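Everything below concerns the one structure shown next.
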Protein chains: 2
Amino acid sequence: MTPPSARPTMRHVAERAGVSPKTVSNVLTGTAQVREPTRLRVEQAMRELDFVPNFSARGLRNGKTGVIGLALPDLATAFSASITHAVVEAAHARGWVVQVEETAAEPAREHDLVTRARTHQIDGMILNPVRLEDSVVEHLDHLPPIVLIGEVEQHRTDRVFIDSRAAAREAVLHLVSSGAQRILALGGAEAGAVLGKATVGQRLQGYRDALRESGLVSSPALELEVPDWTISGGAIGMREFLASGVEFDAVLAFTDSIALGALHELNSAGIRVPEDVLICGFDDVEHARYAGTPLTTIGFDHERYASAALDLLSSRMGDRTLEPRAHKIPHQLLIRSSTLGPPAGSGRRKSQK
Amino acid sequence: MTPPSARPTMRHVAERAGVSPKTVSNVLTGTAQVREPTRLRVEQAMRELDFVPNFSARGLRNGKTGVIGLALPDLATAFSASITHAVVEAAHARGWVVQVEETAAEPAREHDLVTRARTHQIDGMILNPVRLEDSVVEHLDHLPPIVLIGEVEQHRTDRVFIDSRAAAREAVLHLVSSGAQRILALGGAEAGAVLGKATVGQRLQGYRDALRESGLVSSPALELEVPDWTISGGAIGMREFLASGVEFDAVLAFTDSIALGALHELNSAGIRVPEDVLICGFDDVEHARYAGTPLTTIGFDHERYASAALDLLSSRMGDRTLEPRAHKIPHQLLIRSSTLGPPAGSGRRKSQK
DNA sequence: CTGAAAGCGCTTACAG
DNA sequence: CTGAAAGCGCTTACAG
């Protein structure tokens, strides 16, 4: 019940400085030149009154809020933390603040989010879709600018991505060249998803590409989903797989968190990495490098990824009629201890039978 | 350059439904009862026009935006990810969205943040202060409600915290009872900070309390700062310490990330955990449990922590004259492999000389 | 239960 | 370079 008048407005500043509100606005936005002495008077009045502009009013007037949205499936993962950090830093450099949303890997929540985007008053949104419903894309015209991050088979929106298919292929070829023959893909057969439509599909395709090229057979028994893309999700998936008794000598995990969970589970089961099983992750989060066995992974520049997304957002906000653009960020296979095993041909451990 | 009129307003809905804007507002906010047939007509008009309310306008009118701020020193850490996740989930349950900020451990940026809080149009803010400048607290009356999370020797603001001093003491007593005699405190002597004023100080005090009680001497050589509270920060700190040649047989790291960096560095140096050195962290982030050597740590319920902060925020938004309240969240020492060493008295490794 | 009026705090044309 | 007017899209009293 604090009266709103407790907070000074431009009118108060104007009165105190003996000018019109317009002049205060000019000082604030720099729209028009203001003579030095006038400007100093206005600035002093602002200081004396401890004035700050009301961004709701400005937003109402301008149709811009200075806020962008960042929507990720699960904010608790290491990868999300790294991306959030990078986006917030890059956004600040451009004068924006960031509102975060969590889609919890539920398509319904993604949909809600996008349709609610306008009410939240954000100027644009960076969305990491899990399974982007087509219905969302349909609404595109009524929505603020959206940049998709991650792999999406969808060309009506700006996108930033790494070539996950190529990266997965490289990773698997590396595993094969290190002597692996039965490689588990851990992270998603993603039963319901159309192959290739999202990150999961891309990585799975790259995995299969490499097997084919290497003359190895792919098998549904070696493509395993995990409950979620977290450390515990990876651990649970690995535990189930070990219980199945299927033979394997390497793991391609679809994220580093999954890989770390799998690594833990292998160690608990007395299976040594890399002596018995090789393991490779995805994303190069900080603790991949510092894991008990440092983790081979696919790395890319998270800062660059964030900047690219913001640049796309920025130019689309300037012109919504632009053709959709896709910005590919280079990736790199980072080889660490987890795949530096004994020479090819040495007997690898088989999983229990 | 899209005309703002592209977006339907309440007036359009009202015209289409043949009612006044006020009635549309009533339907939307539920302020007044609306007769069933009227309401249905209005709702259909909203659907047909794909109407969503403009929250900037509503915010301007109501003085509320539905947005709260969450400010953490470094969004990239595992602890930040866990807290961000918990806060966003709890906020959504209360109908709020969350804007994140990063203070990068710089007091100046915290100060900026707080003074800019009003312009960002947030209804309240959750701030994890590193060194909260008194100047910030001075401005409290001109700011939206703030809840501090973490330990702060400051009683003019609502706070949520765990008893870090008691927790650190328990952890060290546990290390001592496991046979440790020379325990490194890794995370901050925090040269400039007044002891006890922030998280660092609390944990350091608890550490010293336990040493004193155990009849062990504390020594500046065993209190080490790290460049930052990250995994690599912990690794760098540990590396420097090992180079110093000071003897030690246990480590109390001030966060799990620091602990994991230290663990990695010890392993690299051929020092075994827990056989040669015991190590204990703080916060119980997910990968503490899944580390190469599962990490003993101080755990607490992150969800409860977040909910408590939002509850305090909520009630203060209802009444700014309330006495400041402090909500303590219980913690628990979680003993895992990293401190399950050989029995006390067995020869521990000394660091190199 | 519904309507007509006024105003939240800004900024954009439009004049000087 | 500065001012007076109008309006962004809502909602809160105030009447009916």
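Everything numeric in this text was worked out from a predicted model, so none of it was measured. Every chain is numbered from 1 and lettered A, B, ... according to where its sequence line falls, protein lines coming before strand lines.
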What integer distance in Å separates [X]:[atom1] from [N]:[atom2]?
| X | N | atom1 | atom2 | result |
| --- | --- | --- | --- | --- |
| R11(B) | dG7(D) | CZ | P | 11 Å |
| K64(B) | dC8(C) | NZ | P | 18 Å |
| R41(B) | dC1(C) | CZ | P | 15 Å |
| M10(B) | dT2(C) | CE | P | 14 Å |
| L60(A) | dC10(C) | CG | P | 12 Å |
| E36(A) | dT2(D) | CD | P | 11 Å |
| H12(B) | dC8(D) | NE2 | C1' | 12 Å |
| K22(A) | dA6(D) | NZ | P | 17 Å |

R39(B), CZ atom: more than 12 neighbouring heavy atoms under 6.0 Å: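 Atom CZ in R39(B) is packed in, count exceeds 12.
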
Residue mapping more 5' on DNA chain C - nearest nucleotide basis, P21(A) or G18(B): G18(B)

Comparing A57(B) and N26(A) on DNA chain C - which has the more 5′ nearest nucleotide: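 Counting from the 5' end, the first nearest nucleotide belongs to A57(B).
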
Sub-6.0 Å ring centroid separation between H302(B) and F79(B):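 Under 6.0 Å, so yes.
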
Taking only side-chain N and O atoms of [X], does any of them lie within less than 4.0 angstrom of OP1 or OP2 on [N]?
| X | N | answer |
| --- | --- | --- |
| T38(B) | dT2(C) | yes |
| R58(B) | dT11(D) | yes |
| N62(B) | dC10(D) | no |
| T9(B) | dG9(D) | no |
| T23(A) | dT2(D) | no |
| S25(A) | dC10(C) | no |

Watson-Crick or G-U counterpart of dG3(D), or none if no pair lies under 3.5 Å: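 Looking at the geometry, dG3(D) pairs with dC14(C).
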
Criterion side chain to side chain donor-acceptor pair (under 3.5 Å) on E101(A) and H92(B), from CA distance to verdict: CA-CA 9 Å; E101(A) 312 275 1; H92(B) 268 270; 3.1 Å; yes

Closest listed nucleotide, where the reference is the side chain of T29(B) and the choices are dC10(D), dG3(D), dT11(D): dT11(D)

Nearest listed nucleotide, side chain of V34(A), among dG9(C), dT2(D), dC10(C):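 Minimum distance to the V34(A) side chain belongs to dT2(D).
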
Touch class at under 4.0 angstrom, heavy-atom based, for R61(A) against every strand present: base

Lys/Arg N to Asp/Glu carboxylate O, D123(A) vs K64(A), below 4.0 Å: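 So D123(A) does not pair with K64(A) through a salt bridge.
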
Minimum side-chain heavy-atom gap L72(B)-V100(B) below 4.5 Å: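 SC-SC contact between L72(B) and V100(B) ruled out.
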
